[in-house]
Amino acid sequence: QVRLEESGGGSVQAGGSLRLSCTASGYGTCSYDTKWYRQGPGKEREFVSAIRSDDLTSYADSVKGRFTISRGSTKNTINLQMNSLKPEDSAMYYCKIDTKGYYYCSGSFWGQGTQVTVSS
């Protein structure tokens with residue numbers, strides 16, 4: 001069964017950096033696109049960044065120039081480097097994959113989330 005493990009969350013002061021990681025397993029022969037979402041207190045879940053299986057990347061305007069999504073040393077790990085963090089970046093960050101490729105590869109899966117807290 002598909003499983004996603006997020007790590008790297010924590011508490012930092014404004015201007016600091018954190019690196020989040022999302023490791024996928026159980027996806028078999030499927031390819032997948034990876035997306036990061038976040039949800040802060042009193043807010044709806046919002047898109048943060050994405051990286052496709054062919055390495056095409058995209059970012060929300062609010063994080064563009066500060067966050068970088070990339071593939072890790074192993075193909076099943078995606079990193080989100082977050083620099084120049086602001087208090088408004090505080091949220092629970094969730095990793096999501098959309099499987100694709102073979103005819104049986106069609107699904108979306110979410111991780112449990114990792115908390116990011118940025119203090120002013």
Side-chain angles (χ1 to χ4, degrees):
Q1 187 65 41
V2 174
R3 179 185 177 190
L4 300 179
E5 296 183 11
E6 299 124 318
S7 63
S11 298
V12 297
Q13 293 185 339
S17 299
L18 285 173
R19 187 187 72 176
L20 306 184
S21 295
C22 176
T23 300
S25 62
Y27 55 89
T29 57
C30 303
S31 296
Y32 59 89
D33 301 329
T34 304
K35 299 179 179 68
W36 283 97
Y37 290 81
R38 67 185 183 187
Q39 186 170 21
K43 299 180 180 180
E44 294 186 350
R45 187 171 298 183
E46 65 175 343
F47 170 80
V48 176
S49 184
I51 183 168
R52 299 202 319 196
S53 59
D54 62 358
D55 291 335
L56 182 67
T57 60
S58 61
Y59 302 89
D61 288 340
S62 60
V63 306
K64 201 170 298 180
R66 299 187 298 119
F67 291 11
T68 302
I69 191 168
S70 63
R71 198 171 305 282
S73 58
T74 57
K75 69 175 183 179
N76 63 326
T77 298
I78 300 298
N79 297 320
L80 182 68
Q81 179 66 45
M82 307 186 297
N83 297 327
S84 301
L85 284 164
K86 305 174 181 179
E88 49 263 46
D89 294 319
S90 296
M92 184 72 74
Y93 283 71
Y94 298 91
C95 177
K96 176 197 177 188
I97 67 168
D98 298 312
T99 55
K100 62 182 184 179
Y102 293 99
Y103 69 93
Y104 53 82
C105 298
S106 181
S108 297
F109 306 89
W110 292 85
Q112 293 182 329
T114 184
Q115 181 68 46
V116 171
T117 302
V118 184
S119 302
S120 61

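In this chain, residues are counted from 1 in sequence order.
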Verify, without hydrogens or angle tests, whether [X] (side chain) and [Y] (backbone) share a donor-acceptor contact under 3.5 angstrom.
X: N76; Y: T23; value: no
X: E6; Y: G113; value: yes
X: E5; Y: A24; value: no
X: T117; Y: S90; value: no

Verify the cluster assignment for [X] and [Y]: are they in a single hydrophobic cluster under the rule of side-chain heavy atoms below 4.5 Å apart?
X: I69; Y: L4; value: no
X: Y37; Y: M82; value: no
X: L80; Y: L18; value: yes
X: V116; Y: V12; value: yes
X: F47; Y: I97; value: no

Can K100 and S53 be counted as having a side-chain donor-acceptor contact under 3.5 angstrom?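 Side chains of K100 and S53: pair found under 3.5 Å.
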
Would you say the side-chain atoms of Q81 and N79 include a donor-acceptor pair closer than 3.5 Å?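 No donor-acceptor contact under 3.5 Å links the two side chains.
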
Is it true that the NZ or CZ of R45 lies under 6.0 Å from the centre of Y94's six-membered ring and within 45 degrees of the ring axis?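 Pair R45/Y94 counts as cation-pi.
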
Quick check for you: to the nearest 0.5 Å, what is the distance between [X] atom [atom1] and [Y] atom [atom2]?
X: W36; Y: E46; atom1: CH2; atom2: CD; result: 14.5 Å
X: R71; Y: T57; atom1: CZ; atom2: OG1; result: 11.0 Å
X: Y32; Y: S108; atom1: OH; atom2: OG; result: 14.0 Å
X: C22; Y: I78; atom1: SG; atom2: CD1; result: 7.5 Å
X: R3; Y: Q112; atom1: CZ; atom2: CD; result: 8.5 Å
X: Q1; Y: F109; atom1: CD; atom2: CZ; result: 6.0 Å

Salt bridge present between D61 and K64 (N-O < 4.0 angstrom):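 Yes, charged N to carboxylate O under 4.0 Å.
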
Going by an N to O cut-off under 4.0 Å, is there a salt bridge joining K35 and D33?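 The answer is no: the pair does not qualify as a salt bridge.
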
Show your working on side-chain contact (heavy atoms from CB on, under 4.5 Å) between D98 and R52 and close with a plain yes or no. CA-CA 9 Å; D98 298 312; R52 299 202 319 196; over 6 Å; no

Please work out which of the three classes, parallel, tilted or perpendicular, describes the rings of Y93 and F67, given edges at 30° and 60°.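 Rings of F67 and Y93: tilted, 30 to 60°.
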
For T114 and L20, what are the C-alpha separation, side-chain angles and deciding distance, and is it a side-chain contact (heavy atoms from CB on, under 4.5 Å)? CA-CA 8 Å; T114 184; L20 306 184; 4.0 Å; yes

Using the rule given for side-chain contact (heavy atoms from CB on, under 4.5 Å), can you reason through R38 versus S62, listing the C-alpha separation, both sets of side-chain angles and the distance that settles it, and then say yes or no? CA-CA 12 Å; R38 67 185 183 187; S62 60; 3.5 Å; yes

Over all atoms of both residues, closest heavy-atom pair of S49 and S58: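 Of all heavy-atom pairs spanning S49 and S58, the closest is OG-O, 2.9 Å.
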
Closest non-hydrogen atom pair, P87 against A14: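 For P87 versus A14, the nearest heavy atoms are CD-CB, 4.2 Å.
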
Criterion side-chain contact (heavy atoms from CB on, under 4.5 Å) on Y104 and C30, from CA distance to verdict: CA-CA 8 Å; Y104 53 82; C30 303; 4.0 Å; yes

